[in-house]
Amino acid sequence: MYQKAYGIIETLAPLHVGATAGEESGNLNLIFRDQFTQTGIIPGSSIRGRFRSEMRRDLKGSENEWYGAPAETGESDSTTESIVKFEYASLLWLPVFCPGQPVVWVSSPKLLKRYQRIVGGELKDAKIPTKYTGSSALKPLNVEGKKKLFFNFGFLELKETTNLKAWFPSGEELPAVIVGDDEIGMIHDMALYRQSRVRLKDDEKRVDGGGFFNTEALPEGTIMVFPIAIRETDSKTPWKPFGEKKQSGEIYLGGLESIGFGNCQITIKGEGVAA
């Protein structure tokens, strides 16, 4: 039997989880993407690895109990099953620049449906907002009597506006719009944080050989969700990833921390999580 919980990730800085920075000329370091919506994801192994690393620092020796013991060279059956299991984190809301707003959070029915399945509770029977539904916090343009938003690729006409507060984990309704599952990938690529970077020689301001690469990242303000399963054990000590009486904390995810990427606020909710 497993207890269900889930985590909410809010990026406090650009987040890159994907290929690492290589040294090939013209290398492009893409983030991991969902195969259907083509939106950014964080593999469960990346989340687990970071939590393991944090516990190794704060409660050394406990990480193998909660996240499983690694294989030992030359020893059979040295691995153990983890108590806490993580699925991948999917996008929930993506901030997109929009003239006149200036930021609109975008999602799609498929992404909201996964969030609904993970969270359950009051959202279990909620109707998924249809595409081109805007939040009541949005201030669309009035063009010839129609409510429209202007993204970089053109106008988006709103079919209706409604209160989307329940679909935001914080309970704060932000300016937001739902787009089609076949459109979210294109808008997602438009909103990604992208940089070209070089590695200079130690003794002069010249590129060191092939030390040139492009990288992309999810922008600051992105909201993601991931499910957690906690296996029931005889232990009387609950899982406390952030310490006593804390369900939230700042954690670095992914790579490129040294250039300002990866800082995230993670909040854990659900049964099996100590309040």
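In what follows, residues are counted from 1 in the order of the sequence shown. Owing to the predicted nature of the structure, the values given are computational and were not obtained by experimental measurement.
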Whether the side chain of [X] engages the backbone of [Y] through a donor-acceptor N/O pair (distance < 3.5 Å, no angle test) should be reported.
X: W93; Y: W167; value: yes
X: N263; Y: L12; value: no
X: H188; Y: G40; value: yes
X: Q3; Y: A229; value: no
X: E216; Y: Q195; value: no
X: T11; Y: P219; value: yes
X: Q101; Y: C98; value: no
X: T80; Y: A69; value: yes

Hey, mind stepping through H16 and L218 against side chain to side chain contact (heavy atoms under 4.5 Å, CB included) and telling me if it holds?
CA-CA 7 Å; H16 172 86; L218 292 166; over 6 Å; no
[X], [atom1]: over 12 other non-hydrogen atoms inside 6.0 angstrom:
X: K85; atom1: NZ; answer: yes
X: D202; atom1: CG; answer: no
X: K146; atom1: NZ; answer: no
X: E122; atom1: CD; answer: no

So F226 and F86, would you call those rings parallel, tilted or perpendicular, with 30° and 60° as cut-offs?
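Geometry flag for F86 against F226: tilted rings.
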Does the side chain to side chain contact (heavy atoms under 4.5 Å, CB included) test come out yes or no for R194 and T215, once each step is laid out?
CA-CA 6 Å; R194 291 193 174 91; T215 190; over 6 Å; no
Salt-bridge test for D181 and K113: reply yes if a basic N is under 4.0 Å from a carboxylate O, no otherwise.
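Between K113 and D181 there is no salt bridge, as every charged N stays at least 4.0 Å from the carboxylate O atoms.
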Minimum-distance pair of heavy atoms, taken over all atoms of [X] and [Y]:
X: K165; Y: G171; value: CE-O, 2.8 Å
X: G260; Y: A13; value: O-CB, 3.5 Å
X: E204; Y: L200; value: O-CB, 4.3 Å
X: S135; Y: E173; value: CB-OE2, 3.3 Å
X: I228; Y: G7; value: CD1-N, 4.1 Å
X: R114; Y: P227; value: NH2-CD, 3.6 Å

In terms of hydrophobic clustering (I, L, V, M, F, W, Y; side-chain heavy atoms under 4.5 Å; direct or indirect links), are [X] and [Y] co-clustered?
X: Y115; Y: F168; result: yes
X: V179; Y: V96; result: yes
X: F51; Y: V84; result: yes

For L138, the option from L158, T133, T161 that meets side-chain contact (heavy atoms from CB on, under 4.5 Å)
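Running side-chain contact (heavy atoms from CB on, under 4.5 Å) over L158, T133, T161 with L138 returns exactly one hit, L158.
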My understanding is that only one of I42, L111, I47 makes a side-chain contact (heavy atoms from CB on, under 4.5 Å) with M224; could you say which?
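Only one of I42, L111, I47 forms a side-chain contact (heavy atoms from CB on, under 4.5 Å) with M224, namely I42.
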Among side-chain atoms of [X] and [Y], is any donor-acceptor pair under 3.5 angstrom?
X: T39; Y: D34; answer: no
X: S248; Y: Q265; answer: yes
X: E81; Y: Y67; answer: no

Pairwise side-chain contact, Q247 with F242, heavy-atom cut-off 4.5 Å (strictly under)
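Counting from C-beta outward, Q247 and F242 never come under 4.5 Å.
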If we only count heavy atoms from C-beta on, is the F97 to P102 side-chain gap below 4.5 Å?
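They are in side-chain contact.
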F261 and Y252 aromatic centres sub-6.0 Å:
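No.
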Check the pair N163, S136 against side-chain hydrogen bond (donor to acceptor under 3.5 Å, both in side chains), reporting the backbone distance first and the verdict last.
CA-CA 5 Å; N163 192 330; S136 54; 4.5 Å; no
Could you give the distance from [atom1] ([X]) to [atom2] ([Y]), rounded to the nearest 0.5 Å?
X: I128; Y: I178; atom1: CD1; atom2: CD1; result: 9.0 Å
X: L192; Y: I187; atom1: CG; atom2: CD1; result: 12.0 Å
X: S108; Y: L94; atom1: OG; atom2: CG; result: 11.0 Å
X: I8; Y: L92; atom1: CD1; atom2: CG; result: 6.5 Å
X: I41; Y: L91; atom1: CD1; atom2: CG; result: 11.0 Å
X: K139; Y: L141; atom1: NZ; atom2: CG; result: 12.5 Å

Within 45 degrees of the ring normal and closer than 6.0 Å to the centroid, is that where the cationic atom of K148 sits relative to F155?
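Yes - K148 lies over the ring of F155, closer than 6.0 Å to its centre and within 45° of its axis.
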Check against side chain to side chain contact (heavy atoms under 4.5 Å, CB included), V17 and I31
CA-CA 5 Å; V17 180; I31 59 171; 5.9 Å; no
For the pair E183 and Y132, evaluate side chain to side chain contact (heavy atoms under 4.5 Å, CB included) and give the outcome as yes or no after the intermediate values.
CA-CA 11 Å; E183 299 166 328; Y132 308 141; 2.6 Å; yes
Which pairs, with at least one residue in residues 35-52 and sequence neighbours excluded, count as a salt bridge (Lys or Arg N to Asp or Glu O under 4.0 Å)?
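Residue pairs passing salt bridge (Lys or Arg N to Asp or Glu O under 4.0 Å), neighbours aside: R50-E54, R50-E257.
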